[in-house]
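First the structure, in the form of structure tokens, and then the observations on it.
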There are 2 protein chains.
Amino acid sequence: MHQHLIRNISAQIKLSQADQQLCSTYFEPVHFPKNRVIEEAGQVPQYLYYIVSGFMRLFHYNEQGDELTTHINCPPGFITSYTHFINGTKSNEYVECITNCELLKIDKSGLDKLCSQSSSFKDYSILVFQQSITYNENRSKELASLSAEQRYQNLLKNYPEILLQVPLQYIASFLGMKPESLSRIRRKNN
Amino acid sequence: MHQHLIRNISAQIKLSQADQQLCSTYFEPVHFPKNRVIEEAGQVPQYLYYIVSGFMRLFHYNEQGDELTTHINCPPGFITSYTHFINGTKSNEYVECITNCELLKIDKSGLDKLCSQSSSFKDYSILVFQQSITYNENRSKELASLSAEQRYQNLLKNYPEILLQVPLQYIASFLGMKPESLSRIRRKNN
DNA sequence: TTGTGCTGTTCATTAAAATCAAAAACATGA
DNA sequence: TCATGTTTTTGATTTTAATGAACAGCACAA
């Protein structure tokens with residue numbers, strides 16, 4: 001499983017043999033069944049997870065008690081409640097495995113050690129941070145300026161695998177619409 | 001003008017006398033008139049700007065040629081097309097002064113020197129990054145789950161000064177609605 | 001001052017999405 | 001397998017926001 005991560009990092013940053021060894025030392029393989037919540041709201045997120053296989057999401061409840069899915073991810077990608085994981089503060093979000101998942105997890109002190117022992121990992125973590133900003137800016141832009149149907153079509157174009165594997169109610173919430181609307185949009189687009 | 005920035009940073013990170021001196025060395029005061037575009041789309045953003053006074057925005061044009069405002073900021077805050085500024089890549093966004101503005105600008109090499117000469121500034125820049133992530137996540141969440149009217153009310157609650165100083169067409173675009181809709185919402189809320 | 005352009009408002013209408021209710025399809029475990 | 005609960009779809013209706021057109025208010029310059 002570590003090879004999956006090493007291959008993915010290497011596509012963006014050069015890793016020495018020693019770096020690869022560090023990676024195997026600090027990332028721990030775990031797997032979880034479908035529907036398992038692995039980080040709870042109200043607590044400090046324990047781990048950053050790299051997704052080797054499976055689909056995951058972040059969600060929380062709003063004041064009216066509605067469940068809102070804010071993030072959906074799949075390999076090769078990381079997932080956690082970033083800000084709270086980094087700062088060691090309590091998150092109000094749940095991290096859940098949508099399907100069975102194979103993951104590589106690392107806790108905050110592990111990540112700190114990894115970055116202090118290898119500048120490649122420091123560079124990589126900054127890169128991941130930046131990509132997270134870019135991702136969220138793009139998401140805001142789409143939500144602010146595109147219709148529900150255009151947002152669906154963009155997701156279909158960019159992440160078709162999500163449409164096949166993730167329950168539609170989660171996707172609807174993530175796209176900022178109701179499940180009924182997503183269902184109607186899908187009927188039109190067939 | 002440097003005191004404005006130093007006071008603002010000091011509220012979050014402890015700065016030594018030497019740090020304060022560095023700050024004054026690397027940030028250069030500039031002022032621009034209302035409506036001046038200070039970074040152009042199609043180019044690498046030259047500077048990161050700290051806003052001492054005035055209101056600024058980021059905007060771009062979509063495929064249909066509509067102007068979309070993606071960010072509005074005021075003191076004490078930074079503005080630039082972050083990812084492109086950091087990576088030295090071409091941005092598709094314009095940075096514009098909405099009102100007359102007093103700013104402190106720093107270029108990429110200045111920021112790098114500042115961070116390499118003082119770990120306080122390194123800590124601070126990570127903090128600003130994180131706040132940018134939090135801000136963007138929250139913006140996505142609001143756009144995905146709140147009605148146009150609720151988004152307006154949140155802006156009114158959190159940034160009332162923007163409503164007073166920024167043309168409503170920009171605010172409407174930023175809130176993901178049409179100017180006519182914003183106008184109607186404002187009538188209802190008076 | 002008058003005209004011109006720009007910003008914001010209003011109105012009537014249309015289109016998009018939410019809501020409410022029910023049925024159909026699917027998954028899961030006894 | 002059947003029974004149960006959950007997810008998705010469908011239909012009728014209401015609500016919300018966009019559209020297109022016109023007008024009012026204001027700023028600025030000739």
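Each chain gets a letter, A, B and so on, in the order its sequence line appears, and its residues count up from 1.
- Map B:Glu149 and A:Arg186 each onto its nearest nucleotide of DNA chain D; the residue landing nearer the 5' end is A:Arg186.
- Put simply, NZ on A:Lys188 is 16 Å from C1' on D:dT9, counting in whole angstrom units.
- Straight-line distance from the CG atom of A:Leu182 to the C1' atom of C:dA17: 12 Å, rounded to whole Å.
- Counting only distance, with no hydrogens or angles, the side chain of A:Gln150 and the backbone of A:Ser147 share a donor-acceptor pair below 3.5 Å.
- Taking the six-membered ring where the residue is Trp, the centroids of A:Tyr135 and A:His71 are separated by under 6.0 Å.
- We find that CD1 of B:Ile171 is positioned 13 Å from P of C:dT7, with the value rounded to whole Å.
- Where A:Glu180 and A:Ala148 meet DNA chain C, the nucleotide closest to each residue was compared, and A:Ala148 sits on the side nearer the 5' end.
- In this structure, the CD atom of B:Gln169 is 13 Å from the C1' atom of C:dG5, given to the nearest Å.
- One interatomic measurement links the two molecules: CZ of A:Arg187 to P of C:dA16, which rounds to 15 Å at whole-angstrom precision.
- Rounding to whole angstrom units, NZ of residue B:Lys178 and C1' of C:dA15 are separated by 13 Å.
- Phosphate proximity of D:dA18 to B:Ser181: present, with a side-chain N or O under 4.0 Å from OP1 or OP2.
- Counting atom types as modelled, B:Arg184 pairs no side-chain N or O with a base atom of C:dG8 as donor and acceptor under 3.5 Å.
- Residue B:Pro167 is in sugar-phosphate contact alone, with no base atom involved, counting any heavy-atom pair closer than 4.0 Å across all strands shown.
- Across B:Leu5, B:Leu22, B:Leu103, a single residue satisfies side-chain contact (heavy atoms from CB on, under 4.5 Å) together with B:Phe27, and that is B:Leu5.
- Taking atom CE of residue A:Met177 and atom C1' of nucleotide D:dT16, one finds them 16 Å apart after rounding to whole Å.
- Distance A:Leu168 CG to C:dC26 C1': 12 Å, rounded to the nearest Å.
- Taking both residues in full, the closest heavy atoms of A:His60 and A:Asn92 are given as CB-O, 3.3 Å, listed atom of the first, atom of the second, then distance.
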